[in-house]
Structures are given as C-alpha cells and as structure tokens.
2 protein chains.
Amino acid sequence: MTTNCKAREVVGRIGSKWAIYVISSLDEHTMRFGDLKKTIDGISQRMLTVTLRSLERDGLIRRTVYPVVPPRVEYALTPLGRTLLEVVSTMVHWTDEHMAEIGAAQSAYDSRPEPEPIEQ
Amino acid sequence: MTTNCKAREVVGRIGSKWAIYVISSLDEHTMRFGDLKKTIDGISQRMLTVTLRSLERDGLIRRTVYPVVPPRVEYALTPLGRTLLEVVSTMVHWTDEHMAEIGAAQSAYDSRPEPEPIEQ
DNA sequence: CGGAATCCGATCTGATACTG
DNA sequence: CAGTATCAGATCGGATTCCG
C-alpha cells in the first residue's frame, strides 16, 4: 500500500462514526452547536466538541462565532468539506441500504458452530 | 438523525482506518493473510486479525481455509463487500486527492494565534 | 449557549510469546 | 503460515462541574 500514514489517519478521522454524521448534517444549511447535538442522536457534548474541532482543523468545516450574548456559533461546510460530503453521503446511504444484509451476516456468523475441541 | 445506533456502529467499523484499506486491497484478487500484512503498510498482526474478523462477521469478506500444511487462508470480497468497495475506493481516492489541502488547513489551524488571555 | 477542564472506567492497540 | 493469548500503555468517551 503506497498510502502513507498521514492519509490513513485522515481516513480514520473522516470515517469515524461521528464525523460522518456531522458532515452529513451540514448538507443543507449551517447549524449551531445545539442544533447539531439535537440532530445527531446520542452524541455527547464532549464528542461533538472534539469532532467539530478535528473537522475544523482538517479544513472541512468553518466555525463562525458571533459576539453576542448568549453566544452564537455556527458551523458550515467549507468548499473542501462539500466535496467530501458526496463521498460521505454515499457511505451513509450504502449502510442504510445494506443494514439488513449485514445484520443477517452477523447472526449467521454468531450462530456458527464452535470448532470441535481437539481430542487428546 | 433518524439513523439508529446500529447503523452508526457499522459506519464506524467500515470507516475505521484499517478496514478501508483491507477492503481496497481485496479489489482485484483474493489475498492471503501474509499478503495483506505486507500490502497494508504498518498494520500489526493483531489489528489485521481483528479487522478481518469484523469484516467477515459483517459479511463483507469471505475467509477460506485450505487444510494443508502449512496452513493457507485466503480472503476475498463477498458480493456485498464488492458493492462496498466502490464506496470505499471513492473515499480513499478523495483522501489522496486532498491530502495537500488538508495538510495546509492543519498547518494554518495550528499556527493560529492564541486568544488573548483575559485581563483582570 | 457553547463550550473547557477534569476524572475515570472502557476500549483499543502494539509488542511479545507461543502454537497447530 | 496464520494465527491465539496475554499484558501494558495509549486513547476514547461519558459524566460532571464550571465558566464567559
């Protein structure tokens, strides 16, 4: 594999379960922190913060702070993030389409007979 | 997000840095354990084993053991895995294409000035 | 509202040693 | 060759508390 280590790290970050859904959520419009938290079911405040920071650092989303009280922070896809969105959407879509098949495969795998213990 | 928790787990497994490259590696032909280890640079034996097991459980790859000495084990994509391959290739390709941009964004982020400490 | 900081158990991962 | 078993260090991730 010619791919170097840095590319792998990026793939890992992008492919992480939360990042994918953050990117997807920003498809149509910018969102505030609270909006994202409500939209992405089950994400903790901490993980949302961490995920947003890493996506911002990779140049995939832009964070805009409005100096008002109470604070207002909006997240939006950058042009780069928007090119990624297509890839990510495909992935989410593929998963939704094949969840049943995957679940069946898991059940089959889990109910497979144990290999016979070695006779002495 | 209407996506349930199980779908997120699947996305996370598929998107994990090693799984993506295992799937990609099986594009053209079946491969043996050692081949995969050599192809996927930097993967430890343990992580390759763990990754292969999880992909097998999800029905994405098929593991074939030939009862010979020394053992011969071949891994191949299932039809389901083959449909995923397209998605995964797109992702790897996107990352390769945009590594420079991402690196630049990271540098810019990391060299950003610290926010001024609060004056008392 | 949108975090940051801390604590801490759970999980991941690599290294190493061993095996059919 | 293709693993399994085990252990220790690293990282993840939730809960909680506090802040501008």
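Every chain is numbered from 1 and lettered A, B, ... according to where its sequence line falls, protein lines coming before strand lines.
Counting heavy atoms from C-beta on, the side chains of B:Phe33 and B:Thr49 come closer than 4.5 Å.
Following rounding to the nearest Å, B:Arg13 (CZ) and C:dT13 (P) show an atom-to-atom distance of 13 Å. If you measure from atom CG of A:Asp35 to atom P of C:dC1, you get 10 Å, rounded to the nearest angstrom. Nucleotide D:dT6 holds its P atom 12 Å from the CZ atom of B:Arg46, rounded to whole Å. In this structure, the CD atom of B:Glu9 is 12 Å from the P atom of D:dG13, given to the nearest Å. The CD1 atom of A:Ile40 sits 14 Å away from the P atom of D:dG13 (whole-angstrom rounding). For the pair B:Phe33 CZ and C:dT19 P, the interatomic distance rounds to 18 Å; values are reported in whole Å. If you take CD of B:Glu74 and P of D:dA2, they are 9 Å apart, rounded to a whole angstrom. Residue B:Leu36 contributes atom CG, which lies 10 Å from atom P of D:dG3 at whole-angstrom precision.
Heavy-atom nearest nucleotides on DNA chain C were determined for A:Val73 and for B:Ser44, and the one closer to the 5' end corresponds to A:Val73.
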| said: Quick one, B:Arg8 with A:Asp41, criterion salt bridge (Lys or Arg N to Asp or Glu O under 4.0 Å). Give me CA distance, side-chain angles, the key distance, then yes/no. | reply: CA-CA 10 Å; B:Arg8 264 205 320 262; A:Asp41 192 54; 5.4 Å; no
| task | Show the numbers, then the answer: is there a side-chain contact (heavy atoms from CB on, under 4.5 Å) between A:Leu85 and A:Leu26? | result | CA-CA 9 Å; A:Leu85 175 63; A:Leu26 292 173; over 6 Å; no
| request: Under the side-chain contact (heavy atoms from CB on, under 4.5 Å) rule, what do A:Tyr75 and A:Thr30 come out as? Steps first, then yes or no, please. | output: CA-CA 5 Å; A:Tyr75 294 92; A:Thr30 69; over 6 Å; no
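Side-chain atoms of A:Gln45 come within donor-acceptor range of the base of C:dA4, with a qualifying N/O pair under 3.5 Å.
Cluster annotation: A:Leu80 is connected to A:Leu77 through the hydrophobic network of ILVMFWY side chains, with a link wherever side-chain heavy atoms come within less than 4.5 Å. B:Val65 and B:Leu55 fall within a single hydrophobic cluster, where Ile, Leu, Val, Met, Phe, Trp and Tyr are joined by side-chain heavy atoms under 4.5 Å apart, directly or via other members.
Applying the 4.0 Å criterion to OP1 and OP2 of C:dG3, one finds that A:Tyr75 has a side-chain N or O inside that range. At D:dA2, one or more side-chain N or O atoms of B:Arg32 fall inside 4.0 Å of OP1 or OP2 (strictly under the cut-off).
The stretch residues 47-69 of chain A comes close to DNA chain D through A:Met47, each having a heavy atom under 4.0 Å from the strand.
Closest approach of A:Arg82 to A:Asp27, counting heavy atoms only: NH2-O, 3.2 Å.
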